[in-house]
Amino acid sequence: MRSIALYPSLPGDTAIESIRARFDPLHDKVPYHITLVFPFDSILATARLQAHVAEACTGMASFSITTGEVICEGALVMLAIDDGAAQIVELHRRLYRGLLNPFHDARYAFRPHITVGRGLTREAVLACAAEAGRLGTLHGVITTLAGEVIGQDDSSTLEWVQGLGSTST
């Protein structure tokens, strides 16, 4: 399996990972991230996938993000992305054009977020949401996106990194 994600640098890195260590069973498999292309099974050559991603990133400059509200959805707890969400949605849309279109599942709406808890009981969702809410608004910058290979044990290995242009406002 593969996926494409953004790995932002936020001032609350340690706090986010601390919450994930308690509430996200994938915390030790993959760092916190914003998924752009959801896991897909493919034998696409890495060079072909990288070329598609480079084309999708044409004209996209690096950009600022801020986290927003805490979203609880079933057994998931997520930090919504407020500022920068439009750019993330645009990258998501561009990436699913052409080469990756067969892997797009239009049944699900795309909402930029960072997952901080998953597979939780209702009580754990409430505890995770309370901790995530104490993070407040976090500000960061997106400068790259990355392709990852997801192992049988759900571990993530970066396959390549694609840079974006200079910071935009």
Side-chain angles (χ1 to χ4, degrees), residues 1-10 12-13 16-17 20 24-68 71 73-119 138-169:
M1 298 287 281
R2 287 173 151 162
S3 72
I4 301 173
L6 301 167
Y7 292 90
S9 177
L10 296 166
D13 283 353
I16 292 169
E17 290 298 359
R20 289 184 70 233
D24 186 352
L26 296 181
H27 80 277
D28 61 343
K29 309 275 187 194
V30 60
Y32 76 89
H33 60 279
I34 303 165
T35 302
L36 289 170
V37 173
F38 293 93
F40 62 100
D41 202 8
S42 155
I43 58 169
L44 289 171
T46 300
R48 189 167 177 217
L49 182 57
Q50 282 180 285
H52 171 74
V53 171
E55 182 180 325
C57 291
T58 300
M60 294 286 300
S62 56
F63 56 94
S64 298
I65 63 167
T66 60
T67 59
I71 301 166
E73 195 170 277
L76 286 172
V77 179
M78 303 167 279
L79 295 174
I81 302 300
D82 282 351
D83 294 338
Q87 291 95 323
I88 295 168
V89 169
E90 177 62 15
L91 268 172
H92 169 81
R93 190 181 65 73
R94 288 182 184 193
L95 288 166
Y96 273 120
R97 273 195 238 149
L99 186 65
L100 295 176
N101 186 262
F103 304 107
H104 185 241
D105 189 342
R107 293 178 299 167
Y108 303 103
F110 179 67
R111 178 175 35 192
H113 67 274
I114 297 169
T115 300
V116 292
R118 76 179 73 232
L138 303 174
H139 304 270
V141 176
I142 299 291
T143 59
T144 60
L145 60 147
E148 66 177 345
V149 174
I150 302 168
Q152 293 279 344
D153 66 349
D154 291 327
S155 62
S156 170
T157 304
L158 291 186
E159 186 174 29
W160 48 263
V161 176
Q162 170 69 46
L164 299 174
S166 59
T167 302
S168 66
T169 52

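Computed from heavy atoms alone, side chains included, the values below leave out hydrogens, waters and symmetry copies. Here, residue 1 is the first one in the sequence, and each next residue gets the next number.
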Inset, instruction - Drop me the distance from L10's CG to Y32's OH, to the nearest 0.5 angstrom. - result: 4.0 Å
Inset, instruction - Answer yes or no: is there a side-chain heavy-atom contact under 4.5 Å between L44 and L100? - result: yes
Inset, instruction - Give a yes or no answer on whether the side chain of E17 reaches the backbone of P31 with a donor-acceptor pair at less than 3.5 Å. - result: no
Legend entry - For I34 against I114, the heavy-atom pair lying closest together: CG1-CG1, 3.7 Å
Inset, instruction - Please examine the side chains of E73 and H113, heavy atoms only from C-beta on, and report whether any two atoms are closer than 4.5 Å. - result: no
Legend entry - Within-4.5 Å side-chain heavy-atom neighbours: H139 and S64: no
Legend entry - Within-4.5 Å side-chain heavy-atom neighbours: L26 and T115: no
Inset, instruction - Compare every heavy atom of H92 with every heavy atom of H104, then report the nearest pair and how far apart it is. - result: NE2-NE2, 4.0 Å
Inset, instruction - Without swapping roles, check the side chain of R97 against the backbone of A56 for a donor-acceptor pair under 3.5 Å. - result: no
Inset, instruction - Calculate, to the nearest 0.5 Å, the distance between atoms CG and CZ belonging to D83 and F63 respectively. - result: 11.0 Å
Legend entry - Q87 CD to M60 CE distance, which is reported to the nearest 0.5 Å: 6.5 Å
Legend entry - Minimum-distance pair of heavy atoms, taken over all atoms of F103 and D41: CE2-O, 3.4 Å
Inset, instruction - Looking only at non-hydrogen atoms, find the nearest pair between A85 and P112 and report the distance. - result: O-CG, 3.9 Å
Inset, instruction - To the nearest 0.5 angstrom, please state how far the CG atom of D24 sits from the NZ atom of K29. - result: 11.5 Å
Inset, instruction - Drop me the distance from S3's OG to F38's CZ, to the nearest 0.5 angstrom. - result: 9.5 Å
Legend entry - Contact check, side chains of V37 and V53, non-hydrogen atoms, under 4.5 Å: no
Legend entry - Value rounded to 0.5 Å, distance of CD in E148 from CD1 in I4: 9.5 Å
Legend entry - Side chain Y7, main chain T144, donor-acceptor under 3.5 Å: no
Inset, instruction - Taking all heavy atoms of H33 and all of A5, pick out the closest pair and write down the distance. - result: CD2-CB, 4.0 Å
Inset, instruction - Evaluate the side-chain proximity of I142 to L91: yes if any heavy-atom separation is below 4.5 Å, no if none is. - result: no
Legend entry - Atom of T46, atom of W160 and distance for their closest heavy-atom approach: CG2-CD1, 3.8 Å
Inset, instruction - Look at atom CD of E55 and say whether more than 12 heavy atoms of other residues, nucleotides or ligands are closer to it than 6.0 Å. - result: no
Inset, instruction - Given side-chain contact (heavy atoms from CB on, under 4.5 Å), test L95 with L145 step by step and report yes or no. - result: CA-CA 11 Å; L95 288 166; L145 60 147; 4.2 Å; yes
Inset, instruction - Decide yes or no for D82 and T67: does some side-chain heavy atom of the first lie under 4.5 Å from some side-chain heavy atom of the second? - result: no
